[in-house]
J.: 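Before anything else, here's the structure in question.
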Amino acid sequence: MGRLSVAASKALSLLHHPSLSQSLTAFTAVSHVKQVHAHLIVTGDAQQNIFTTTRLLACAALCGSPDLSYAEAIFRHTPAPTFFMHNTLLRAYSRSPADSPDGIALYVHLLRAGFFPDKFTFPFVLHSCGLLENLFLGRQLHGHVVKFGLCHDVFVVNNVMGMYSSCAELGSARQLFDESLDIANVVSWTILVTGCSNSGDIDTARAYFDQMPSKNSVSWNAMITGYGRVGRISDARELFNAMPERDSASWGALISGYTENKLFMEALVLIREMVNRGEVPNEAAIVSAVSACAHLRALEEGDWLYELVKEIGFDGNVILGTALLDMFGKCGNIRKALMVFNLMPAKNIYSWNSMIAGLAFNGYGREVLSLFWKMQLLGTTPNSITFISLLSGCSHSGLVDEGLHLFNMMTQKYRIKPQLEHYGSVVDLLGRAGLIEEAVHFVEGLPVGPHSGLWGALAGACRIHGEVELGREVAERLVELEPQHSGRYALLSNILASARRWDGVEMVRKLLKDRKVLKTPGSSIL
DNA sequence: TTAGGGTTAG
């Protein structure tokens, strides 16, 4: 066999280190695990040594980019997997919702094999159960905890509380907390704070927060996040200012809070301040700041953040990548958007939707379509948002037949129920192309009542294409639909003026006055 | 071994 790579050699030398975490530092990729494993098989060292097998399993399951099917293969090929190996695999399963069902299955398997779950088993399996939000199962697990005599272990109890909290069963979490006050620690308190805040009871969360015998930065950050979620951003800021020691998550929590509450400038100011102070923002903070740039169309600030990401090292994170390409697309730098998109090792529906929207927004109708086919070829199913971007892309590029075809595809092939936005896009598509009659027909045939957005798109199209009579009809319907909306009168008046129907213009002016319609700032004439 | 983070339309 070939020689081991430098990284794999290093990994081999650390494989038998007494501490698993030391071993794990050597295995940054599963390929190292595989190389070492192959080496051990060839040299005959992998055969009998259960410690080596266990360590390989742990490294495959828990390294930076784990490969669970490889870990499972090691597990299956071990004649009598030990209890520790079960716990290791359970730990790996508990890390993602997609693997949670396997975690539950392995727990059952463990019981059937005659093992007794211990204080390590329960935190993992309870966490999987919480991710599944399966309260029925969770209550059974709680019963097992009692049966196996582990209800005095603070790790186990905290995870039972966490499970109840994830299952939106906060009453049970609080009850357990009250029963376990003698062993409760700062984690138990923080779970309650988070649980209350997630269930919308921010004041109870604050009450627990104030009662805590001791706090750490996680507790403060949880409370800051909670205030951000409910829009109490000044309370969040107050805590941020008051906390004794901030870590990068504290900054991140407030930055995210600002972005969530549409305070985009504040988010950008804060991340600037953070970096100026020499703090390194975490990925969540950068994601929120990048999203703020997207909303503000702040390309310069966005470029700066991209440079920062490259400096820190882009690890292929799908959420960060999506935020970046979305920002570049919205700011009009489609080249950079495509570059980030192509650099991303993994893409999800958000990534595809953002890239499609970016192309559509910048008028690349044909490219939108080819990206859409590529997306389907690679096995990602489009959703309702995908079609909003697709239709708007077609509309802006005058691709009428393609747009109508996509609309049919959406309802027939993908069984997606159209929303008003989809209807609006079709009206826009037909209207821009001058197919006014077809657009009117389309609107009249819709299973929704009269809607101002749809009729507005129609009237706009009539004006552009000089369809005075139809435009007047539509604008009149609009005025009656929204009698307090000054823009509707403006539209009607414009259409009449373009046909030199001055008597009509005068009538609209009088109507506006009689009905005491207030002018919306920025609306054009009258 | 447990607690705190984030992306897409309009």
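Just so it is clear: chains get the letters A, B, ... in the order the sequence lines come, proteins before strands, and each one is counted from 1.
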J.: State, without any angle test, whether Arg206(A) and Tyr227(A) hold a side-chain donor-acceptor pair at a distance under 3.5 Å.
T.: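 Their side chains do contain a donor-acceptor pair, which is all the 3.5 Å distance test asks for.
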
J.: With rounding to the nearest 0.5 Å, note down the distance linking CZ in Arg237(A) to CG in Leu270(A).
T.: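 Rounded to the nearest 0.5 Å, the CZ-CG separation comes to 5.5 Å.
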
J.: Using the six-membered ring of Trp304(A), assess whether NZ or CZ of Arg272(A) lies under 6.0 Å from its centre and within 45 degrees of the ring axis.
T.: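 That pair qualifies as a cation-pi contact.
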
J.: Using the benzene-type ring in the case of Trp, are the ring centres of Phe372(A) and Trp352(A) under 6.0 Å apart?
T.: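 No, ring centres 6.0 Å or more apart.
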
J.: Flag this pair as yes if the NZ/CZ of Lys330(A) is under 6.0 angstrom from the six-membered ring centre of Phe361(A) and inside a 45 degree cone about the axis; otherwise no.
T.: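 Not satisfied by the 6.0 Å and 45° rule.
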
J.: Could you run through nucleotides 4-10 of chain B and give me one letter per nucleotide, 5' to 3': B if any protein heavy atom sits under 4.0 Å from the base, S if only the sugar-phosphate is that close, - if neither?
T.: BBBBBBB

J.: Can a donor-acceptor pair under 3.5 Å be found between the side-chain atoms of Asn158(A) and the base atoms of dT2(B)?
T.: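 Such a pair exists between side chain and base.
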
